[in-house]
Protein chains: 2
Amino acid sequence: MSGAMLKDALVTLKESGVRITPQRHAILEFLISSESHPTADEIYKALESDFPNMSVATVYNNLRVFRNSGLVKELTYGDASSRFDFVTHDHYHIICDECGSIVDFHHPGLEEVERLASYVTGFKVNSHRLEVYGVCPTCEKQASKAN
Amino acid sequence: MSGAMLKDALVTLKESGVRITPQRHAILEFLISSESHPTADEIYKALESDFPNMSVATVYNNLRVFRNSGLVKELTYGDASSRFDFVTHDHYHIICDECGSIVDFHHPGLEEVERLASYVTGFKVNSHRLEVYGVCPTCEKQASKAN
DNA sequence: TAAACTAATTATAATGATTATAAAGAAGTA
DNA sequence: TACTTCTTTATAATCATTATAATTAGTTTA
C-alpha cells in the first residue's frame with residue numbers, strides 16, 4: 001500500500017512539472033515508510049549512506065517542493081526544528097509532553113469551528129490546525145513506577 | 001481593565017516568588033496593551049527607548065519566566081520567530097494566509113476532541129492547540145479589487 | 001540602615017536550523 | 001549533439017535563540 005502512495009506522489013509531482021531525481025525519490029520514500037515525523041536533519045542522516053554526497057540544502061529544498069505540491073506538511077512546534085509529515089488522509093496529532101513522541105489519530109473535521117471562526121471574524125477560512133498534548137502511555141507507566 | 005490584568009499578573013508572579021523588575025513590568029505591560037502578538041524582537045525594539053541598555057536575552061528570559069508561570073503563551077508558526085500572547089480567557093487564533101495578521105476568536109473548548117484522542121491513543125490529555133487559517137477581510141477586498 | 005545573599009540583567013559569544021549563492025552536474029528538448 | 005533549464009552540491013551567511021560570566025539590583029536579616 002505504501003508503494004501505491006509513493007507512485008501517486010510521483011505522478012503528482014510529474015504532473016506539476018517537477019523532475020523526479022533519485023534524491024527526491026529517496027526522500028519521499030523515507031517519509032512515507034517512516035512511521036515517525038522526521039526532521040530535515042533526520043532525513044539527511046538516514047539517507048547519508050545511500051547518498052554520501054547529498055547536501056542538507058537538498059533535503060530542505062525538496063521538502064519545500066513537496067510542501068508546495070501539497071504532498072508534505074510541515075509541523076512546527078516550540079522546539080528548534082520543523083518536522084515533516086507525508087500527507088495521507090486527514091488526521092491530527094497528539095504529542096507527548098514528556099518524551100515528544102507524536103501519534104496520529106483520526107477525528108471528523110472541525111467544520112463547525114471553521115464556520116464559527118469565519119462568522120465571528122469575517123475571514124474566508126482555508127484550513128485549520130489542531131494538536132492535542134498529553135502524556136503517552138509509556139511515560140505514564142514510568143511515572144507511576146517512580147512513585 | 002487592562003490595568004487590572006497587569007495587577008493580577010504581577011500578583012501571580014510575586015506569589016510564585018518571581019521578582020518584579022522594571023524590565024518585567026514593562027514587558028508585561030507591553031504584551032497586555034499590545035493588540036498584536038509580538039515577537040521577542042518586536043518587544044525588544046518597542047522598549048528600547050525606555051530601556052536603552054536592555055539586552056535581548058532579558059526579553060527571552062522573561063518571556064520564558066512568564067510562560068512558565070502560565071501568564072504568556074508562545075505561538076510557533078512556520079516562520080522564523082515565535083510570537084507571544086498574553087493569556088486572558090481561552091481564545092483561539094485565526095491567521096491570514098496573505099498578510100499574517102492574527103485575530104482572536106472565542107469558541108467553547110474542544111473537550112470532546114480531547115476525549116476521543118485520549119480514548120484512541122491511550123494518552124492522558126493535558127491541553128490542545130487549535131488555529132484556523134484563511135484570508136482576512138482586508139486582503140479579501142484587495143484581491144477582489146485586483147480583478 | 002548596612003551587610004549578605006540571591007536573583008536578574010547585561011554584554012558577548014556560541015549554537016544550530018534554515019536559506020542564499022555560485023559553480024558543477026544532470027535531464028529534457030530541439 | 002548542442003542548448004536550455006532545473007537540480008544538486010559545497011559553502012558561506014543569516015537569524016533566532018541560548019549559554020556564560022561578570023556586574024548590578026532586590027530582598028532579607030541582623
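In what follows, chains are A, B, ... by sequence order, proteins preceding strands, each numbered from 1.
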Charged N-O contact under 4.0 Å between Arg83(A) and Glu74(A)
no

To the side chain of Ser81(B), which of dT17(D), dT18(C), dA10(D) is closest?
dT17(D)

Looking at side-chain heavy atoms only, is the closest gap between Leu13(A) and Ser69(A) below 4.5 Å?
yes

Sugar-phosphate, base or nothing in reach of Ser82(B), heavy atoms under 4.0 Å:
sugar-phosphate

Rounded to whole Å, how long is the line connecting atom OH of Tyr44(A) with atom P of dT8(D)?
14 Å

Separation of dG16(C) atom C1' from Asp41(A) atom CG, nearest Å, is 10 Å

What nucleotide among dT10(C), dT7(D), dT19(C) has an atom nearest to a side-chain atom of Val18(A)?
dT7(D)

Taking only side-chain nitrogens and oxygens of Asn62(B), does any of them come within less than 4.0 Å of OP1 or OP2 of dT9(C)?
yes

Rounding to a whole Å, what distance do you find between Glu42(A):CD and dG16(C):P?
15 Å

Return yes if a side-chain donor-acceptor contact under 3.5 Å exists between Glu131(A) and His93(A), otherwise no.
no

Can you work out whether Ala57(B) or Thr58(A) has the more 5'-proximal nearest nucleotide on DNA chain D?
Thr58(A)

Rounded to the Å, how far apart are Leu75(B) CG and dT17(D) C1'?
17 Å

Nearest-neighbour nucleotide for the Arg19(A) side chain, dT18(C), dT5(D), dT10(C) considered:
dT5(D)

Please state whether the rings of Tyr92(B) and Phe105(B) are parallel, tilted or perpendicular, taking 30° and 60° as the class boundaries.
tilted

How many whole angstroms separate atom CD of Glu74(A) from atom P of dA17(C)?
14 Å

Tell me the interatomic distance from Leu63(B), atom CG, to dT9(C), atom P, rounded to whole angstroms.
11 Å

Do Pro38(A) and Leu31(A) have side chains that approach each other closer than 4.5 Å (heavy atoms only, starting at C-beta)?
yes

Using atom CZ of Arg24(B) as one end and atom P of dA7(C) as the other, report the distance to the nearest whole Å.
11 Å

Counting side-chain heavy atoms from C-beta on, which of dT18(C), dT9(D), dA8(C) comes nearest to Ala40(A)?
dT18(C)

Integer-rounded Å distance: dT10(C) P and Phe51(B) CZ:
9 Å

Per atom distances to the Gln23(B) side chain, the nearest of dT19(C), dT10(C), dA8(C) is dT10(C)

When you measure from the side chain of Arg64(B), which nucleotide among dT8(D), dG26(D), dA19(D) comes out closest?
dA19(D)

Nearest to side-chain heavy atoms of Thr21(B), which nucleotide of dT7(D), dA8(C), dT8(D):
dA8(C)

Quick note, Tyr60(A) side chain, CB onward, closest among dT18(C), dT8(D), dT9(C) is dT18(C)

